[in-house]
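Inspection log for the structure reproduced underneath, given as structure tokens.
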Amino acid sequence: MKLYHAAASPFVRKVMVLLHETGNLDRVEIVNTVLTPVAPAANLTGKNPLSKIPALERASGATLYDSRVITAYLDDLFDAGLYPTGSRRWETLTLEATADGIMDAGVSMIYDIRLRPEDKQWPDWGEAQWSKIVRTVGALDAQWMSHLSGPLDMGQIAIGCALGYLDFRHDARGWRDHAPALAEWFAAFGERPSMQATRPA
Ligand code: GSF
């Protein structure tokens, strides 16, 4: 399988952490992919017409994309149990969606700053995205610490990758000021070898 990859992408990192945690890194070939919304990757558009990463090309069958589809597929393939059964399953899926929402907001802020010409930038956009992030880390801190402290699942991995992205791109904004318990959880989670091996660059 080929994984279309960029080391800075928090969505790709979810897949990489899953591969590390399940000991299956050798099952994928990493294809470094350079792209932005205004510069699609020529080697990818034939596989994922949206030109977004991660994408997972398989020996047969459709190329899979959207990180949540890929993580669910690999969890199934490796029988990894990162999507638990019972009521915890729906929490895990919601937690992963929450993490992806933080990533979407954080990535969108970077696109606005880096890709738009200066005269077309709109600071209110970035502030509104940051407000989403502040609200969300606050909600995680207030309502999700018990789940986050349970057995490893894909929701936790995704939140770890989302918070890692905030540190990587938005460190100066200080998300920890809004979520002290979450910050404590992340200090420990970030020490996992899978997280250390996939630090964004
Ligand atoms: C989001 C992937 C994404 O936006 C997923 O896989 O979960 N819902 C999708 N990836 C970015 C790279 S990144 O900053 O992580 C991407 O591919 N952007 C290119 C574009 O055209 O938006």
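Whatever order the structure lists ligands and atoms in, that order sets their numbers, starting from 1. Counting from 1, the numbers follow the sequence of the chain as shown.
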### Message
If I apply the N/O under 3.5 Å rule, does Ile53 come out as touching ligand 1?
### Response
yes

### Message
Under a 3.5 Å distance rule, please check whether Trp175 uses its side chain to pair with a backbone N or O of Leu166 as donor and acceptor.
### Response
no

### Query
Mind checking what makes ring-ring contact (aromatic ring centres under 6.0 Å, His included) contact with Trp130, not counting sequence neighbours?
none

### Task
Report the residues that fulfil ring-ring contact (aromatic ring centres under 6.0 Å, His included) with His5, sequence neighbours left out, ordered by chain and then residue number.
none

### Task
Name the option, out of Ser67, Pro54, Ser9, Ala158, that contains the heavy atom nearest to atom 5 (C) of ligand 1.
Ser67

### Message
Could you identify the single nearest non-hydrogen protein atom to atom 18 (N) of ligand 1 and state the distance to 0.1 Å?
### Response
Tyr111 OH, 2.9 Å

### Message
Hydrogens and angles aside, do Ser67 and Lys14 bring a side-chain donor and acceptor to less than 3.5 Å of each other?
### Response
yes

### Summary
To the nearest 0.5 Å, atom CG of Leu44 lies from atom OG1 of Thr63 at 8.5 Å

### Query
Looking at Phe168, is Arg13 sitting on its ring face, NZ or CZ under 6.0 Å from the six-membered ring centre and within 45 degrees of the normal?
no

### Task
Please write down residue, atom name and distance for the protein heavy atom closest to atom 21 (O) of ligand 1.
Pro37 CA, 3.2 Å

#### Entry: Lys14 N/O to ligand 1 N/O under 3.5 Å
no

### Query
Within the side chain of Gln129, is there an N or O that forms a donor-acceptor pair under 3.5 Å with the backbone of Gly106?
no

### Query
Taking both backbone and side-chain atoms of Asp66, is any N or O found less than 3.5 Å from an N or O belonging to ligand 1?
yes

### Task
Please state which part of Tyr4 comes within less than 4.0 Å of ligand 1, counting heavy atoms only: side chain, backbone, both or neither.
neither

### Summary
So the atoms of ligand 1 within less than 4.0 Å of a heavy atom of Val107 turn out to be 14 (O)

### Query
Using a heavy-atom cut-off of under 4.0 Å, does the side chain or the backbone of Ser51 touch ligand 1, or both, or neither?
backbone

### Task
Look at atom 22 (O) of ligand 1 and say which protein heavy atom is nearest, naming residue and atom and giving the distance to 0.1 Å.
Lys52 CE, 3.5 Å

### Query
At the 4.0 Å heavy-atom cut-off, does Tyr65 count as touching ligand 1?
no

### Protein heavy atom at shortest distance from atom 4 (O) of ligand 1
Phe11 CE1, 3.8 Å

#### Entry: Pairing of Asp167 and Arg176 as salt bridge, 4.0 angstrom limit
yes

